[in-house]
Amino acid sequence: MAELKLMKGNEALAEAAIRAGVDAYFGYPITPQSEVIEYLMAERPEKRTGMVVLQAESEVAAINMVYGAASTGKKVMTSSSSPGISLKQEGISYMAGAELPAVIVNVVRGGPGLGTIQPSQADYFQSVKGGGHGDYKLYVLAPASVQEMSDFVADAFDIAFKYRTPVLILSDGLIGQMMEKVVLRDQVERITDEDLIKTHGSWATTGKTNRNRNIVTSLDLQSEKMEARVHRLQKKYKQMELEDLRYEKIDCDDAEYLIVAYGSSARISQKAVEIARKKGIKVGLLRPLTLFPFPKKQLFELADQVKGILSVELNSGQMVEDVQLSVEHKVPVEHFGRTGGIIHTPEEVLDALEQKIITHGHFRNHKTRESSIL
Amino acid sequence: MSEEIIIAGFGGQGVLSMGKILAYSGIMQDQEVSWMPSYGPEMRGGTANVTVILSDERISSPYLKVYDTAIILNQQSMDKFENTVKPDGILLYDPNGITHHPTRKDIKIYQIEGAKLAAEMDNKKIFNMIVLGAFLKIKPIVKLENVIKGLKKSLSERYHHLIPLNKEAIDTGMKHLKKFNIEKHIIHN
């Protein structure tokens, strides 16, 4: 039975974790995501499903608990906010290398450093370009509503187990702190070791019986073997691009200009699109639901239709680079975004579109072509 | 129908919970809702505000620059939000502690003496429900029965015996709403 509730994004995510049959959550509090661990502790999930919830002594400890529990084939997750996620990067890299499924949630705040506790999207680069050391990527989901904070938990675990890879849910302070109506999914039972082996094969350290040893490690001192591992990872990332790309097109059919935005910025930009259309400006919105894989092909195709593209992000210009790579100089691509925890208003987004793309579009287009000839 | 509201005052006045009750009431009549608080250092002893949107359609931005209605409960919030009311929009405020009254001529301005009335009812905690009542008198965007249903949803059961008191507070707010005339500084009942 689907249940309708009014919840904060962080709470909806925590409730979804229990309902998705997650075996363990290890975390450490930090604003603006502390409601996740607070909610989990208050709900006593050990009584509801047997799920373990533990506040570790630090973020580093929490991610290594995730590493350990994930090695046993359990559904494990952690969450934090930007400075805490930086601390977790070593563990995330190890899990990517050791090919372990896990879900990591980043409710982003402004940075760098301790920064601010207000919403931001300044961790885009860290999220989609690896984050820790080594040649790896994460599958990155970007929720833009409380409903998606809830839905993406189970979706993230599906991907994590399909590819045996860490998955990142990249949220931010706005989506984490706001309340909206949410339809909660039904309770899923926690899977047993037998179910895991039946569905995903025997790779975890489930207790050796009549089989060879399963070794979970990211270490391969033989270069040939290590290269094979890297190739295996890259093959997964290619497959993700083919099979598990997610995006949403809003008002794109007749669009002359395009905004690309994810998460909270997508919500704000959608309002900018509404205001623009009332003024007679035909703007569309492309909202990536996954930041890796990125809707490259869709952008490449839309670039034939629109006169210019504005990438709207709560940072100084990060996703804009991927947009530029995708459209291959076909049209001008600009960035707009506030930083430091300040949230841009829909009106500011529309002003930026008018000034950077609509007014100066032709001039810049000309310049871009000139520089590409040079 | 869509209504974009900012509620702003001191932390502790019940600003966030008033927003939450409005949002729940919207859900009770099958509307889309969003509740976006200011959070963080602002809340500790300083100002608190929340943006609440009720709409028949999917809500795009939960964060706004201009509002249909501003409910203002202290001077700092008046300074910050008077100019964010859309032309022809509503500004409802409690004059308690207000030294600079609103001056805009292109909006409709109302007063509710919430703090005073709450003191007279001998319960400071129902202040926000008095203000909510005043707002619903101006704009009955949610039915009273849905507010009560929303209260039942948002309050834990051990507080359900307080629902009649909350209803009384809403009625009080509705009864004592006053229109404010900026030119003559006259308050009409």
Side-chain angles (χ1 to χ4, degrees), chain A residues 4-10 31-35 107 109-110 116-119 144-147 172-183 248 250-251 261 263-277 285 287 312 314 338 341-351, chain B residues 2 4 6-7 15-44 48-68 81 83-84 86 142 146-147 149-156:
Chain A
L4 188 74
K5 281 202 163 186
L6 179 72
M7 287 179 117
K8 277 193 174 193
N10 288 335
T31 306
Q33 69 77 53
S34 294
E35 289 85 4
V107 184
R109 58 191 250 178
T116 170
I117 60 173
Q118 307 300 335
S145 63
V146 174
Q147 187 65 53
D172 63 60
L174 192 149
I175 303 295
Q177 292 294 330
M178 74 182 288
M179 284 205 279
E180 284 184 310
K181 200 155 88 163
V182 54
V183 181
E248 182 185 16
I250 297 166
D251 289 337
S264 54
S265 273
R267 296 287 295 270
I268 295 158
S269 298
Q270 198 187 333
K271 181 93 181 175
V273 169
E274 288 166 14
I275 302 170
R277 288 205 166 248
L285 173 68
R287 175 170 85 91
V312 179
L314 288 166
R338 301 293 300 266
I342 295 176
I343 310 166
H344 33 240
T345 62
E347 287 79 0
E348 281 178 305
V349 171
L350 183 56
D351 281 352
Chain B
S2 163
E4 299 171 338
I6 179 94
I7 310 170
V15 166
L16 298 186
S17 55
M18 193 200 315
K20 198 172 158 184
I21 290 158
L22 255 179
Y24 257 121
S25 313
I27 288 182
M28 293 304 137
Q29 48 193 46
D30 277 336
Q31 284 182 300
E32 297 300 321
V33 300
S34 78
W35 177 96
M36 174 65 209
S38 64
Y39 68 89
E42 277 196 324
M43 284 169 79
R44 299 187 184 111
N49 68 69
V50 62
T51 302
V52 177
I53 306 172
L54 276 69
S55 176
D56 294 332
E57 282 158 38
R58 174 173 154 176
I59 294 164
S60 50
S61 181
Y63 183 78
L64 302 166
K65 186 187 173 189
V66 288
Y67 308 91
D68 298 312
F81 293 110
N83 285 328
T84 66
K86 292 179 197 171
V142 287
N146 289 325
V147 178
K149 274 193 211 163
L151 270 170
K152 277 185 187 154
K153 268 278 222 188
S154 63
L155 290 173
S156 76

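Here is the naming used below: chain letters follow the sequence lines, and residue numbers restart at 1 for every chain.
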Subject >> Under 4.5 Å from any heavy atom of chain A - which part of B:Lys153 >> reply: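 It is the side chain, since no backbone atom gets that close.
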**OP:** Apply side-chain contact (heavy atoms from CB on, under 4.5 Å) to A:Thr116 and list each qualifying residue two or more places apart in sequence or on a separate chain.
**Re:**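 A:Gln118.
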Original post:
Quick one: side-chain contact (heavy atoms from CB on, under 4.5 Å) partners of B:Glu32, sequence neighbours excluded?
Top reply: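 For B:Glu32 the side-chain contact (heavy atoms from CB on, under 4.5 Å) partners, ignoring immediate neighbours, are A:Lys181, B:Ile59.
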Original post:
Looking at A:Thr345 and B:Tyr63, what are the two nearest heavy atoms and their distance?
Top reply: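 Shortest heavy-atom contact: CG2-CE2, 4.0 Å.
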**OP:** Would you sort out whether B:Leu64 and A:Lys271 count as a side chain to side chain contact (heavy atoms under 4.5 Å, CB included), showing the intermediate values?
**Re:** CA-CA 9 Å; B:Leu64 302 166; A:Lys271 181 93 181 175; 3.9 Å; yes
**OP:** Report yes if some heavy atom in the side chain of B:Pro62 is under 4.5 Å from a heavy atom in the side chain of A:Leu174; otherwise report no.
**Re:**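 A side-chain contact under 4.5 Å exists here.
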Subject >> Selection from A:Glu348, A:Met179, A:Gln270 maximising heavy-atom pairs under 4.5 Å formed with chain B >> reply: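 The candidate making the most pairs under 4.5 Å is A:Met179.
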Straight-line distance of [X] [atom1] to [Y] [atom2], nearest 0.5 Å:
X        : Y       : atom1 : atom2 : result
B:Lys20  : A:Lys8  : NZ    : NZ    : 9.0 Å
A:Ile268 : B:Lys65 : CD1   : NZ    : 13.5 Å
A:Met178 : B:Trp35 : CE    : CH2   : 10.0 Å

Subject >> Region of A:Glu347 in contact with chain B, defined by heavy-atom distances below 4.5 Å >> reply: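 Side chain only.
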